[in-house]
Chemist: 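So that we are looking at the same thing, I have put the structure below in structure tokens.
The chains referred to below are lettered A, B, ... by the order of the sequence lines, with proteins before strands, and numbering in each begins at 1.
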Protein chains: 2
Amino acid sequence: MTEPLRIALIDDEELIRSGFAAIIGAEPDLEVCAQGADGVDALNIARSGRVDVLLMDVRMPRVDGIEATERITAELAERPKILVVTTFDNDDYVWQALRAGADGFLLKRTKIEDLLAAVRLVARTDAVLFPESIRRLAAATAKRSEAHPGIADLSEREREVLQLAAKGMSNTEIAERLYLGRETVKTHLSSVYTKLGVRDRTQAVIAAYDSGLV
Amino acid sequence: MTEPLRIALIDDEELIRSGFAAIIGAEPDLEVCAQGADGVDALNIARSGRVDVLLMDVRMPRVDGIEATERITAELAERPKILVVTTFDNDDYVWQALRAGADGFLLKRTKIEDLLAAVRLVARTDAVLFPESIRRLAAATAKRSEAHPGIADLSEREREVLQLAAKGMSNTEIAERLYLGRETVKTHLSSVYTKLGVRDRTQAVIAAYDSGLV
DNA sequence: GTTCGGCTCCCCCGGGAGGGGGAGCCGAGT
DNA sequence: ACTCGGCTCCCCCTCCCGGGGGAGCCGAAC
């Protein structure tokens, strides 16, 4: 028989870790090789290179699970599989975990056998239950929302005005909505145009859409 | 011990079905309860209500696996879990399967143990490896691309002009690009506005973005 | 054969948009 | 104290946009 899968547990709650450790340790083909209390620990453990699957909590002090996952996938070519574990299946968490490069998402209320099955499954294969392709998809849609330099250095007001313009409002409507003069709105939009390097309102709205501002 | 999971196999290739049937039949906790050769069979079998997991091929005559999945999820409240099985992990297939409401995606080259694990996992739980939340996400992004009545009854030319407008081009630029008069472009855009029920070019571009035309 | 819808172009006209100025206020940083 | 950038408002001017007409051409449908 092959050597057991090496599992690392990352959770800020000692109790949770012990529980998981007990469950996993009872399995002959699984072994808890490391434990950590936050994202920094996770990164260090992942760097050690002797881990197959990392069970990662989301809410943790210092560096949370999502960011830790991000760093690990960004930094390590040979990284452990990462299963993000949390209490609630908040859509946002799932999405963020996906984008960060996690291999799976588990709920703490998951039944024991399912947890074990998921760990074994994710360790062995990447072709089951929405893996690689989905992650590429998520990464692609995520990339669209990053690295749009222009949008970043808009002032608060300018972003606000642009957002309303991107809802189809006219200058006068925007002015009324924001309790401003129509001329002021025009001024803001003008700086938006120059900052974004576009010609008119339509192109600005397009830029807003493409950069994920809308 | 509980009664075995009831599996249905849908594939147009007799050989594949037999292979899967043999593998699955050998497991004490699994049982092949039905087989079909296309999407129509799949729908009938799903309607019978005595199936836990449906292994569904994508490429099939008459009605393919994606459409069958769509119909089943649309029609049946109490539906079997559906695992879409195919030879290549074409991104498009994965995405379509997801949108259609499939619970998972498998490759035919998947190892036997993984196939069995996936079947057992998907039958029991919905909280593992990107399930419900992801499907809602996919459904949401999909919905944005459908059922935008306005966009549908634009004429060919009007759609063309709108698309260029949505790239930030002015009327004159669009005219030059399409070898038209500037007035013609205006006319087309005007009908676009009335058909989409919008006021100006900006709102039209927004509609184009929201409806997935861009 | 007539009608209807899509496609093409034209004119006029009003209004909003965008550019170019100028100006005052305020808070933060030098 | 001064400067600089963000926010606010104003005027003028030009240009494109959008609305409201009208008109001719064509192919399909009735």
Chemist: With a 4.0 Å limit, can you tell me whether B/R201 has a side-chain N or O closer than that to the phosphate oxygens OP1/OP2 of D/dG18?
Modeler: yes

Chemist: Can you work out whether B/H188 or B/D200 has the more 5'-proximal nearest nucleotide on DNA chain C?
Modeler: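 Here B/H188 is the residue nearer the 5' end.
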
Chemist: Check this one for me: any side-chain N or O of B/R199 less than 4.0 Å away from OP1 or OP2 of D/dG18?
Modeler: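 Negative; the distance criterion is not met.
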
Chemist: Can you check whether A/T184 has a side-chain N or O nearer than 4.0 Å to OP1 or OP2 of D/dC7?
Modeler: no

Chemist: Could you tell me the separation between the CD1 atom of A/I174 and the CG atom of A/L162, rounded to the nearest 0.5 Å?
Modeler: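 Separation between the atoms: 8.5 Å.
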
Chemist: In whole Å, what is the span from the CZ atom of B/R182 to the P atom of C/dC10?
Modeler: 10 Å

Chemist: Are A/E67 and A/R71 close enough for a salt bridge, meaning some N to O gap below 4.0 Å?
Modeler: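 The answer is yes: the pair qualifies as a salt bridge.
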
Chemist: Could you list by number each residue of residues 155-171 of chain B showing a heavy-atom separation from DNA chain C of less than 4.0 Å, or answer none if no residue does?
Modeler: B/S155, B/E156, B/R157

Chemist: Can you give one letter per nucleotide of nucleotides 21-30 of chain C, going 5' to 3': B for a protein heavy atom under 4.0 Å from the base, S for sugar-phosphate only, - for none?
Modeler: ----------

Chemist: How close or far is atom C1' of D/dC16 from atom CD of B/E173, stated in whole angstroms?
Modeler: 12 Å

Chemist: How many Å lie between NZ on B/K186 and C1' on C/dG14, as a whole number?
Modeler: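 It works out to 12 Å between those atoms.
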
Chemist: Can you tell me if CD1 on A/I112 sees more than 12 non-hydrogen neighbours from other groups inside 6.0 Å?
Modeler: no

Chemist: Nearest 0.5 angstrom please: B/L55 CG to B/I16 CD1, how far?
Modeler: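 Between B/L55 CG and B/I16 CD1, I get 12.0 Å after rounding to 0.5 Å.
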
Chemist: Rounded to the nearest Å, what distance is computed from the CD1 atom of residue B/I174 to the P atom of nucleotide D/dC17?
Modeler: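 After rounding, the gap between these two atoms is 8 Å.
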
Chemist: Would you compute the distance between atom CG of B/N171 and atom CZ of B/R201 and round it to the nearest 0.5 angstrom?
Modeler: 4.5 Å

Chemist: Test your reading of the model: is there a side-chain donor-acceptor pair from B/S48 to the backbone of B/N44, 3.5 Å cut-off?
Modeler: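 No; zero donor-acceptor contacts below 3.5 Å.
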
Chemist: Rounded at 0.5 Å granularity, tell me how far CD1 in A/I72 sits from CG in A/L54.
Modeler: 5.5 Å

Chemist: Looking only at side-chain atoms of B/E183, point me to the closest of C/dC10, D/dC11, C/dA17.
Modeler: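 Minimum distance to the B/E183 side chain belongs to C/dC10.
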
Chemist: In whole angstrom, what separates A/Q203's CD from D/dC17's C1'?
Modeler: 15 Å

Chemist: Does B/R182 reach the main-chain N or O of B/T172 with its side chain, forming a donor-acceptor pair under 3.5 Å?
Modeler: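 Such a contact is absent between B/R182 side chain and B/T172 backbone.
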
Chemist: How many Å lie between CG on B/L189 and P on D/dC16, as a whole number?
Modeler: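 Interatomic distance, CG of B/L189 to P of D/dC16: 15 Å.
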
Chemist: Regarding B/R199 and A/E173, does a basic nitrogen lie under 4.0 Å from an acidic carboxylate oxygen?
Modeler: yes

